[in-house]
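Each remark here refers to the structure printed beneath this line.
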Amino acid sequence: MIADLARASRPLSWINTAYPFAAAYLLTTGDIDASLVIGTLFFLVPYNLALYGVNDVFDHASDLANPRKGGVEGALLPPARHRTVLVASVVTCAPFVVALALLGPPLSWAALAVSLFALVAYSAPPFRFKEVPVLDSLTSSVHFVSPAVYGLALAQASPTPGTYAVLGAFLLWGMASHAFGAVQDIVPDREGRISSIATALGAARTVRLALAAWTAAGLLVATTGWPGALAGLLALPYLALALPYARLRDEDSARANGGWRHFLWVNYAVGTAVTMILILYVLRNGGLP
């Protein structure tokens with residue numbers, strides 16, 4: 001059962017939520033304290049178990065018809081395990097949420113509440129934001145941006161225009177990433193009568209929208225000054241991997257999975273580059289943008 005829960009939590013994606021929180025908190029406070037450790041552990045495993053576990057439970061019927069599910073891109077647990085996944089998600093998250101609420105100021109409670117609401121509302125009824133085109137991409141992006149926002153709130157940071165620019169770029173990056181990822185599922189989603197930004201706009205237009213959002217994210221980061229502006233160049237690998245699919249026909253949308261698989265590994269390289277740029281920025285300017 002532990003193995004099933006681990007697969008449901010998508011270990012390949014753990015860093016995508018833990019890193020934004022840890023970076024925002026640590027670079028604001030400069031302290032390795034209980035809040036940093038508890039928050040990082042929470043966004044590393046329990047948060048992802050809840051995020052993807054809830055998704056796997058409520059998407060089970062459609063996932064059965066999706067050929068890319070059943071591996072690193074989504075667990076296919078039997079229905080008999082679904083209750084266990086939901087209970088485990090609550091049980092593992094609850095102590096961390098209580099501890100973080102006790103450690104943080106009221107503003108951080110609101111940020112954490114928004115993050116947890118988005119986590120549930122994306123997949124679970126009656127909300128099912130994942131089936132509302134555009135709102136699906138926005139909510140998915142919030143899953144990754146909100147840990148950073150929460151880290152800043154927990155650290156009681158004083159945001160600057162640069163901070164808002166970085167968070168805005170991060171939000172656009174997340175929306176573009178979700179939209180591009182949805183393209184590969186157009187055929188099974190339509191067959192399962194599931195709506196998404198990609199089923200609504202079609203493959204080519206969705207890819208072009210993702211390209212535009214990644215470009216806008218790069219330009220927005222470029223406004224933060226040296227050396228933060230270097231991060232604007234990190235949009236280029238995403239543009240390169242998605243551009244070949246800009247004229248993709250809906251019936252061939254499964255081919256976008258090739259770009260998506262590259263996307264998963266590009267994230268690690270870009271994350272390393274972002275870390276180096278953040279270190280340079282802090283050393284040069286004495287704090288976050």
- Query: Between Tyr238 and Asn267, is any side-chain donor less than 3.5 angstrom from a side-chain acceptor?
  - Reply: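 Yes, a side-chain donor-acceptor pair sits under 3.5 Å.
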- Query: Would you say the side-chain atoms of Asn48 and Ser13 include a donor-acceptor pair closer than 3.5 Å?
  - Reply: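 There is no such pair (donor and acceptor under 3.5 Å, judged by atom type) between the side chains of Asn48 and Ser13.
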Path from [X] to [Y] over hydrophobic side-chain contacts below 4.5 Å:
| X | Y | result |
| --- | --- | --- |
| Ile277 | Tyr268 | yes |
| Val90 | Phe127 | no |
| Trp265 | Trp14 | no |
| Leu103 | Leu116 | yes |
| Leu167 | Leu172 | no |

Evaluate the side-chain proximity of [Y] to [X]: yes if any heavy-atom separation is below 4.5 Å, no if none is.
| X | Y | value |
| --- | --- | --- |
| Leu100 | Tyr150 | yes |
| Glu131 | Tyr122 | no |
| Pro20 | Phe144 | no |

I need the [X] [atom1] to [Y] [atom2] distance, nearest 0.5 Å.
| X | Y | atom1 | atom2 | result |
| --- | --- | --- | --- | --- |
| Arg10 | Thr17 | CZ | OG1 | 12.5 Å |
| Leu49 | Asp56 | CG | CG | 9.5 Å |
| Tyr52 | Leu12 | OH | CG | 9.0 Å |
| Leu26 | Phe21 | CG | CZ | 9.5 Å |
| Asp189 | Ser253 | CG | OG | 9.0 Å |
| Thr28 | Leu152 | OG1 | CG | 5.0 Å |

Between [X] and [Y], is there a donor-acceptor pair closer than 3.5 Å when you use the side chain of the first and the backbone of the second?
| X | Y | answer |
| --- | --- | --- |
| Thr223 | Leu219 | no |
| Ser141 | Ser137 | no |
| Ser123 | Leu119 | no |
| Thr206 | Gly202 | yes |
| Thr199 | Ser195 | no |
| Trp109 | Gly104 | yes |
| Tyr25 | Gly30 | no |
| Ser115 | Leu112 | no |
| His262 | Leu241 | no |
| Thr224 | Val221 | yes |

Non-hydrogen atoms of [X] and [Y] that approach each other most closely:
| X | Y | answer |
| --- | --- | --- |
| Ala246 | Leu211 | CB-CD1, 4.2 Å |
| Phe42 | Cys93 | CE1-SG, 3.8 Å |
| Thr139 | Ala118 | CG2-O, 3.7 Å |
| Tyr245 | Arg255 | CE2-O, 3.4 Å |
| Pro95 | Val91 | CD-O, 3.0 Å |
| Ala256 | Leu248 | CB-CD2, 4.0 Å |

- Task: Carefully, step by step, assess Arg249 and Asp252 under the rule salt bridge (Lys or Arg N to Asp or Glu O under 4.0 Å).
- Result: CA-CA 5 Å; Arg249 297 184 303 173; Asp252 298 326; 2.9 Å; yes
- Task: Please test Arg205 against Leu209 for side-chain contact (heavy atoms from CB on, under 4.5 Å), starting from the C-alpha separation and ending with a verdict.
- Result: CA-CA 6 Å; Arg205 283 197 293 176; Leu209 181 64; over 6 Å; no
- Report the C-alpha distance between Tyr19 and Phe43 in whole Å, list the side-chain angles of each, state the deciding distance to 0.1 Å, and finish with yes or no for ring pair (Phe, Tyr, Trp, His ring centres under 6.0 Å). CA-CA 8 Å; Tyr19 178 89; Phe43 284 110; over 10 Å; no
- Query: Could you go step by step and tell me if Leu201 and Val134 meet the side-chain contact (heavy atoms from CB on, under 4.5 Å) rule?
  - Reply: CA-CA 10 Å; Leu201 299 180; Val134 181; 5.7 Å; no
- Does the pair Asp250 and Arg190 meet the rule for a side-chain contact (heavy atoms from CB on, under 4.5 Å), with working shown? CA-CA 10 Å; Asp250 288 7; Arg190 284 178 175 166; 2.9 Å; yes
- Flag if over 12 foreign heavy atoms under 6.0 Å of CG, Leu236: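 Result for CG/Leu236: enclosed.
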- Could you please spell out the steps behind the side-chain contact (heavy atoms from CB on, under 4.5 Å) verdict for Asn55 and Lys130? CA-CA 10 Å; Asn55 181 259; Lys130 69 163 291 171; 4.0 Å; yes
- Message: Less than 4.0 angstrom from a charged side-chain N to a carboxylate O is my criterion; do Arg128 and Asp136 meet it?
- Response: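 Salt bridge flag = no for Asp136 with Arg128.
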